Amino acid sequence: MDQVAFEFPMWPLQAYKSLKVQLLETHTKHKNNSVLEKMVCQYLLGAILASVLGLLLLYKKIQKQTGFSSKKIQKQTFSMSSDNGLPRDSEIGRSADIIIVGAGVAGSALAYTLGKDGRQVKVIERDLTEPDRIVGELLQPGGYLKLMELGLEECVNGIDAQRVFGYALFKDGKSTKLSYPLQHFESDVAGRSFHNGRFIQRMREKASTLPNVKLEQGTVTSLITEKGTVKGVQYKTKNGQELIAKAPLTIVCDGCFSNLRRSLCNPQQVFLQVDIPSCFVALVLENCQLPYANHGHVILADPSPILFYPISSTEVRCLVDVPGQKVPSVSNGEMSHFLKTEVAPQIPPELYNTFISAINKGNIRTMPNRSIPASPYPTPGALLMGDAFNMRYPLTGGGMTVALSDIVVLRDLLRPLRDLNDASALCKYLESFYTLRKPTASTINTLAGALYKVFSGSSDPARREMRKACFDYLSLGGVFSNGPIALLSGMNPRPLKLILHFFAVAVYGVGRLLLPFPSFKRLLLGARLISGASSIIFPILKAEGVRQVFFPVTIPAYYRVPPVNL
């Protein structure tokens, strides 16, 4: 960098010496004190005026030289490269207000939402081709309402999405239909099921229609951090070029396999709390008619549930839950044998033939189910969202609902802010995000984890009684089914209602045991049932944060207001 040299003018020193000589001469020639004082005042006044004028000229000269130097330095900054060949800064990085890592459901919806609010958004996605996933295929009505609030409801059009009006439960040859309580909503409000990749592509196309949203294919390798503040990301383009992008705020939405999660969470806590209770084995049943049209189907099989739901007008997705992290091998035929001998006999007769046909076709896929409680570690300049931040068991299909709800919360928090450059103030303000999201997110998370444990088979008689009680309680209909289904669908996510219904199921189960005549054995089993229900739900609530879930108004961050300097 060039050094700017300032030449200090010498005339003020020369004027001072001249003034001194003249004063001495005057003192010699004129002994009269009054004459001397008059001349001294004149000379001092002239010197002051000359000094002020000189300082003004000096200031203008320095400003001119500094401006020239700054332009020269700025020009060199954009043209120079660091030792590893990466640009130290790029015009693209500087022009973005927000960088979003990942363009899945959360990333694409967030890009459109923030872009619509006038933000300059840069999205970096590893692969912009259509994804092919076996999860994220069911959007609950609560999630659809959030999609409407964000102006993205048209993204479910043109992809052969199927309307979903509720669930059907099957157990021991009996079945019951549980409908969403949609009577108070517009006719278009319902659940939607679809191919996940088609939905994501529509979301990306919608985000790309905004001129201030730029999608780029690239793999983010790391976050750029300076003095504890995230300044942007380092990424590799699809051509192999390594670049840096900078922005005041970086939002990481790169999914369940995120390689950046550890940078923004407590690494030890994340490692300890990631739970993989089971794996999904996925099939596609073609030209299959479900027993209850436009409903998701849950079979309470042993050892764990089996799911069916439409993903197009001609296809039905089947997800077989296999407990543990190891599943039979697909390549050597063990999986086909397992599905035909262990799972098929528990399938409803209407679906048996198409289930066997799907196995014979051989397109069997597997995916581990992860559960990750939100463990925020506030970092200036960065934020985690989506599956990279929080996951729950996918039995209830609540993942997209949580993500879209989080986006609405974040949008409302960021709207009053026009300047995001004060990273510390922004980080402190956004701590309220973790509290404001809790009622919806924690209700869906807790219900998903609790239902999975209740619906799974067990050798414990108390757990088996709880499973029967849950099926019979929901079969009662009315408030007994509407309340839980409103919670599950994200339409009324209230934590206290969740607790009330969960323990109402347990009490209902105890009542069934004690009627018509109680016995000591039945009393003991009823006590174990209540104890087992408590052991299911309380650890989940503890992981979610009891105070944040039930008493958010006691959290100081709940009352954060936008900083005046932003």
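This one's a predicted model, so the numbers in the text were calculated from it and none came from an experiment. Computed from heavy atoms alone, side chains included, the values below leave out hydrogens, waters and symmetry copies.
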Original post:
What are the two closest heavy atoms between S258 and L260, and how far apart are they?
Top reply: OG-N, 3.1 Å
Subject >> Side-chain ion pair, R126 and D254, N-O less than 4.0 Å >> reply: no
Original post:
Pick from T446, L498, N445: which one makes a side chain to side chain contact (heavy atoms under 4.5 Å, CB included) with L541?
Top reply: T446
Subject >> Under 3.5 Å: donor-acceptor pair, side chain of N196, backbone of G136 >> reply: yes
**OP:** Begin with the C-alpha distance, continue with both residues' side-chain angles, and end with the deciding distance and a verdict on side-chain contact (heavy atoms from CB on, under 4.5 Å) for C256 and M367.
**Re:** CA-CA 11 Å; C256 61; M367 182 175 181; 4.2 Å; yes
**OP:** Would you check if the side chain of D160 reaches a backbone N or O of S313 as a donor-acceptor pair within less than 3.5 Å?
**Re:** yes
**OP:** Would you confirm whether H337, through its side chain, and M335, through its main-chain N or O, come within 3.5 Å as a donor-acceptor pair?
**Re:** no
Original post:
Given side chains that start at C-beta, do those of D412 and L410 come closer than 4.5 Å, heavy atoms only?
Top reply: no
Original post:
Rounded to the nearest 0.5 Å, what separation is found between the CG atom of L147 and the SG atom of C155?
Top reply: 6.5 Å
Original post:
Rounded to the nearest 0.5 Å, how far apart are CG of L114 and CD1 of I100?
Top reply: 5.5 Å
Original post:
side-chain hydrogen bond (donor to acceptor under 3.5 Å, both in side chains) with S442: which of E544, R392, R437?
Top reply: E544
**OP:** Output yes when a side-chain donor or acceptor of E125 lies under 3.5 Å from a complementary backbone atom of Q217, and no otherwise.
**Re:** no
Subject >> Interatomic distance, L525 atom CG to E465 atom CD [nearest 0.5 angstrom] >> reply: 5.5 Å
Original post:
Which atoms form the tightest heavy-atom contact between G115 and V121, and what is the distance?
Top reply: N-CG2, 4.0 Å
Original post:
Does some side-chain heavy atom of V101 sit less than 4.5 Å from a side-chain heavy atom of C253?
Top reply: no
Original post:
OG/S278 to CG/L319 distance, rounded to the nearest 0.5 angstrom?
Top reply: 10.5 Å
**OP:** Give the C-alpha distance, both sets of side-chain angles, the deciding distance and a yes or no for side-chain contact (heavy atoms from CB on, under 4.5 Å) between V505 and L474.
**Re:** CA-CA 9 Å; V505 171; L474 294 172; over 6 Å; no
Original post:
Are the side chain of R463 and the backbone of G532 linked by a donor-acceptor contact shorter than 3.5 Å?
Top reply: no
Original post:
Given the rule in the salt bridge (Lys or Arg N to Asp or Glu O under 4.0 Å) test, do R464 and D302 qualify, once you have shown the distances and angles that lead to the verdict?
Top reply: CA-CA 11 Å; R464 290 202 299 269; D302 287 319; over 6 Å; no
Original post:
Quick one: are L384 and Y377 in side-chain contact, heavy atoms under 4.5 Å?
Top reply: no
Original post:
Side-chain contact, heavy-atom cut-off 4.5 Å: L283 with N363?
Top reply: no
Original post:
Less than 4.0 Å between a side-chain N and a carboxylate O, is that true for R528 and D460?
Top reply: yes
Original post:
Do Y112 and L150 touch side chain to side chain, with heavy atoms closer than 4.5 Å?
Top reply: no
Subject >> T209 side-chain N/O to K206 backbone N/O, donor-acceptor pair under 3.5 Å >> reply: yes
Subject >> Smallest separation among heavy atoms of I159 and V156, with atom names >> reply: CG1-O, 3.5 Å
Original post:
Hey, does Y167 have a side-chain heavy atom less than 4.5 Å from the side chain of K177?
Top reply: no
Original post:
For the residue pair F433 and F389, does the interplanar ring angle fall in the parallel (under 30°), tilted (30 to 60°) or perpendicular (over 60°) class?
Top reply: tilted
**OP:** Apply ring pair (Phe, Tyr, Trp, His ring centres under 6.0 Å) to the pair F194 and F199, showing each step before the final yes or no.
**Re:** CA-CA 7 Å; F194 39 65; F199 179 58; 4.6 Å; yes
Original post:
Backbone N or O of G166 within a donor-acceptor pair of the S179 side chain at under 3.5 Å?
Top reply: no
**OP:** Could you please spell out the steps behind the side-chain contact (heavy atoms from CB on, under 4.5 Å) verdict for D275 and Y393?
**Re:** CA-CA 9 Å; D275 184 27; Y393 187 79; over 6 Å; no
Original post:
Are M466 and K453 close enough that some pair of their side-chain heavy atoms sits under 4.5 Å apart?
Top reply: no
Original post:
Does CD in E186 sit with more than 12 non-hydrogen atoms of other residues, nucleotides or ligands closer than 6.0 Å?
Top reply: no
**OP:** Using side chain to side chain donor-acceptor pair (under 3.5 Å) as the criterion, list what pairs up with N360, not counting sequence neighbours.
**Re:** K340
**OP:** Indicate whether any N or O donor in one side chain lies under 3.5 Å from an N or O acceptor in the other, for N287 and T314.
**Re:** no
Subject >> R192 charged N/C atom sitting above Y144 aromatic ring, 6.0 Å / 45° >> reply: yes
**OP:** Tell me yes or no: between the side chains of S304 and Y452, is some donor less than 3.5 Å from an acceptor?
**Re:** no
Original post:
H297 and F170: aromatic ring centres closer than 6.0 Å?
Top reply: yes
Original post:
What are the two closest non-hydrogen atoms of V164 and Y180, and how far apart are they?
Top reply: O-CE1, 3.3 Å
Subject >> Reported CD1-to-CG distance for the pair I251 and L383, which is rounded to 0.5 angstrom >> reply: 5.5 Å
Subject >> Distance-minimising heavy-atom pair for C279 and V327 >> reply: CB-CG1, 3.6 Å
Subject >> D472/R467 salt bridge by N-O under 4.0 Å criterion >> reply: no
**OP:** Calculate, to the nearest 0.5 Å, the distance between atoms CG and OG belonging to L447 and S489 respectively.
**Re:** 9.5 Å
Original post:
Any luck finding a side-chain donor-acceptor pair between Q201 and R204 under 3.5 Å?
Top reply: yes
Subject >> Pairs involving residues 480-506, ordered by first then second residue, that meet ring-ring contact (aromatic ring centres under 6.0 Å, His included) (sequence neighbours left out) >> reply: Y473-F480, F503-F538
Subject >> Backbone N/O of E431 and side chain of R560: donor-acceptor pair under 3.5 Å >> reply: no
**OP:** Using atom types as modelled and distance alone, determine if a side-chain donor or acceptor of S531 lies under 3.5 Å from a backbone N or O of A527.
**Re:** no
Original post:
If you measure from the Lys or Arg side-chain nitrogens to the Asp or Glu carboxylate oxygens, is any gap between R411 and E149 under 4.0 Å?
Top reply: yes
**OP:** Go through the side-chain N and O atoms of E137 and Y309 and say whether any donor and acceptor fall under 3.5 Å apart.
**Re:** yes
Subject >> N/O donor-acceptor pair under 3.5 Å between R163 side chain and V189 backbone >> reply: no
Original post:
Any idea which heavy atoms bring A103 and V123 closest together, and the distance?
Top reply: CB-CG1, 3.8 Å
Original post:
Taking the six-membered ring for Trp, are F308 and F355 parallel (under 30°), tilted (30 to 60°) or perpendicular (over 60°)?
Top reply: perpendicular
**OP:** Evaluate the side-chain proximity of I485 to P181: yes if any heavy-atom separation is below 4.5 Å, no if none is.
**Re:** yes
Original post:
For S432 and L413, what are the C-alpha separation, side-chain angles and deciding distance, and is it a side-chain contact (heavy atoms from CB on, under 4.5 Å)?
Top reply: CA-CA 9 Å; S432 60; L413 286 172; 3.6 Å; yes
